[in-house]
Structures are given as C-alpha cells and as structure tokens.
Amino acid sequence: MAGSYPEGAPAVLADKRQQFGSRFLRDPARVFHHNAWDNVEWSEEQAAAAERKVQENSIQRVCQEKQVDYEINAHKYWNDFYKIHENGFFKDRHWLFTEFPELAPSQNQNHLKDWFLENKSEVPECRNNEDGPGLIMEEQHKCSSKSLEHKTQTLPVEENVTQKISDLEICADEFPGSSATYRILEVGCGVGNTVFPILQTNNDPGLFVYCCDFSSTAIELVQTNSEYDPSRCFAFVHDLCDEEKSYPVPKGSLDIIILIFVLSAIVPDKMQKAINRLSRLLKPGGMMLLRDYGRYDMAQLRFKKGQCLSGNFYVRGDGTRVYFFTQEELDTLFTTAGLEKVQNLVDRRLQVNRGKQLTMYRVWIQCKYCKPLLSSTS
Ligand SMILES: C[S@@+](CC[C@H](N)C(=O)[O-])C[C@H]1O[C@@H](n2cnc3c(N)ncnc32)[C@H](O)[C@@H]1O
C-alpha cells in the first residue's frame, strides 16, 4: 500500500503513475539534462543546511500588530491576489487523477489511459512544475509584487440510535446536490483548477462537486467560468476557520474532501478544528485528500528574515501566508479528527531551470485519510 512507504522512499513505484515518478538522477553530471528528477535523496549535509536556513529566517518574527492584520484580513490579501492574477496563476492539474484516482473512481481505466496519452503530447516535461502552486509560489508571488481497509468501530447502542435520528433529520433537508450519489468538496478551491478537471474527467451522472474558498474574488471567477455548470457544481464563499458558519451539506454526506495547498494557508492553531469540522461531513468510508508543502521545501528556505510569523509559518510579500508541514503533523491532524491513514508520503523532487542552470529542491506531502465505516466522531 502506498501509504506505508517511509518518508523519502519511492512511493510512486507502487503506483501505476509513470509521468512523474520515474525519472531518477543516478549520475549527478546529468542534472541539467532534464527539467525534473523524482524521489531525490537528501544528503545529511543538505538536510542540516536546510535546518540552519530555517533557523536563520525564523529568528526575527513579524510584530504582533501585523500578525493580527494578516489574520483578520487574510481573505482580503487573497482577494487582491486573485484580482491581479485572475485565473492565470495556478495551472490546471490533470496529474490529479494519477495521484488521486478517487476523484474519478468510476472512470473506465482505459478512458483515463487514453486521456493521458492524448494530453501527454501537449505537455512538456516541465509539467512536473505543476505539482504545487510550485515555482511561482515559491518566488513568493513576485509577479504581483486503494482500496480502503475500513475498520469497524462499535458505538454504544444509545449513541448509535441518536446518530441515526440526527442523520434522518439531515437527510430530510434539501441541499445542493442532494440527489447526487458521489459528492466531492474542494476546500480552498481558488479559481477552480482542480474542480474543472474533475467535472471534465468524471462523467458519473451521480457526481456533484462542491467547492469553496474564502476569497469572494476567486469564487466569482469560478462561477463565471464558462465550464461552471450549476447542475453539477456548487461554488460558495466559505472560511474554513469560521466556526460559526456551517457548510451547505449535511454531516456524513461527502465521499471526498480535497485540500490542495490550502491547509498551509491558515494559521496553525486553527488547523485542527478546521479538519475536525470537515471530517464530520465525510460519509463513513469517505476520504480526505491533501497535497501541500513539506518542511524544508525550497519555498521555505527562500524566505528572508522578518517574514516568519511562527515556527515554519511565513508571510509572503503579498500578505498571503504559508506553513510547511511534516508528515507527522498531518498524521496527527487527521487521526485526531477520527480518520485513518491510507497514504502519507513525502514527494521530494529536484526541479531544474536549465536556462539559468538552477536547481530547486521541492518537498510536498500527499495524504489520504479515510473515515472509518462506523465512527464515534461523526
Ligand atoms: C495556494 S492557494 C491554492 C488554491 C487551489 N487549491 C489551487 O491549488 O489552485 C490557497 C487557497 O486557499 C484559500 N484559502 C486560504 N485560507 C482560507 C480559508 N481560511 N478558508 C477558505 N479558503 C482559504 C485562498 O483563498 C487560496 O485560494
């Protein structure tokens, strides 16, 4: 199972994935022969140097007044970001379906294979850069300035009955996509670079996709996109840290929740509650999928003194913030929310700018956590 690979191991070898996980740098002299290398091993010296860099850039913290401003006005900073970049910033990511086949489970595998073959010719090898907001994000927005192994838990009878009654009440309500049979929610969807590929690729007539972001500018861009189809999709403004506001779907109604480079954008002390609330929305057997920044990613090492908010949490020049996770931290967040690990891997990639002869070490973490079939936290 992919999830049981230790940190740094070539997890992708266990997958069918070929596009991104198969180019290994065995001869350092060939580093500039390709745009990217997979599963790069870090030497002890490299890891120690990264740690030193982080210590240096974390010494001086942003003052309290500014920290409060970044928190209160977080959505405004992202609105400004999207006003400048509209939908030209984060690229569409069709790699999603090799990494997260759960997003289109009923797709005929051959159809997907054909799809990738067709699209491969259009996509040069630098497509690897799309694995994260990546190259551009790491420049701190300079341009602007498996099969699941479900475990059954037994609930006390009384709790079980109460749960069933509340489920019935919820089911009675009409909500967008209430008649759907497969529901996906993307949180922090930005301008829809994940949502639109899902709608294009997953032709299941029972599919309904929800997507939210606290940037009203981003949501407007989703809603006005010519591919936005309200009969298959519902985009709404929502702050995942807002404890007062509920999501427009009942508890236990979602099959998949996907978080792509969004958890890292929120203040660390609000992460657990945000994940707990999302976890309640999952059906038993439902999955939470995440891809986000890993500790010592190049983007973290590039921060200058004075941009650190708290440990491993930074503010970019445009006021947007970013946290760099370890696998263990993410495991704690998800398991505390009552979910079980299916996958938690680190993707270390060496990206190369051949023109400028630059090497960039990227670190991303990818997780899949599943809600047990009977959960005491639902
Ligand atoms: C790095 S971008 C990623 C966007 C999108 N997931 C993608 O991969 O293209 C982070 C996104 O998270 C959104 N975001 C940040 N904090 C949020 C919050 N508290 N609630 C909802 N969305 C948030 C931002 O507006 C932004 O669209």
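Whatever order the structure lists them in is the order used to number ligands and atoms, beginning at 1. Position 1 is the first residue of the sequence; numbering continues from there.
Here Thr326 pairs with Arg295, Glu328, Glu329 under the side-chain contact (heavy atoms from CB on, under 4.5 Å) rule; sequence neighbours left out. Applying the ring-ring contact (aromatic ring centres under 6.0 Å, His included) rule to Tyr210 yields the partners Phe208; only residues at least two apart in sequence or on another chain are considered.
Interface of Gly190 with ligand 1, defined as ligand atoms under 4.0 Å from a residue heavy atom, comprises 27 (O). For ligand 1, the atoms sitting less than 4.0 Å from at least one non-hydrogen atom of Ala265 are 15 (C), numbered in the order shown with element in parentheses.
Taking 4.0 Å as the cut-off, Glu186 counts as a neighbour of ligand 1 on heavy-atom distance. For His238, the heavy-atom gap to ligand 1 drops under 4.0 angstrom.
Closest heavy-atom contact between Gln307 and Gly317: NE2-N, 4.0 Å.
Between Glu56 and Lys305 there is no salt bridge, since no side-chain N of the basic residue sits under 4.0 Å from a carboxylate O of the acidic one. A salt bridge between Asp347 and Arg291 is present, with a side-chain N of the basic residue lying under 4.0 Å from a carboxylate O of the acidic one.
At least one N/O-N/O distance between Gly188 and ligand 1 falls below 3.5 Å. At least one N/O-N/O distance between Asp239 and ligand 1 falls below 3.5 Å. Ligand 1 has a nitrogen or oxygen under 3.5 angstrom from a nitrogen or oxygen of Asp213. Of the N or O atoms in Val187, none lie within a sub-3.5 Å distance of an N or O in ligand 1.
Stacking of Arg348 on the aromatic ring of Trp42 is recorded, both the 6.0 Å distance cut-off and the 45° axial limit being met.
Counting heavy atoms closer than 4.0 Å to ligand 1, residue Ile266 contributes side-chain atoms (C-beta onward) but none from N, CA, C or O.
A side-chain donor-acceptor contact under 3.5 Å links Lys371 to the backbone of Ser279.
Evaluated by nearest non-hydrogen atom to atom 26 (C) of ligand 1, the leading choice among Phe214, Phe261, Tyr82 is Tyr82.
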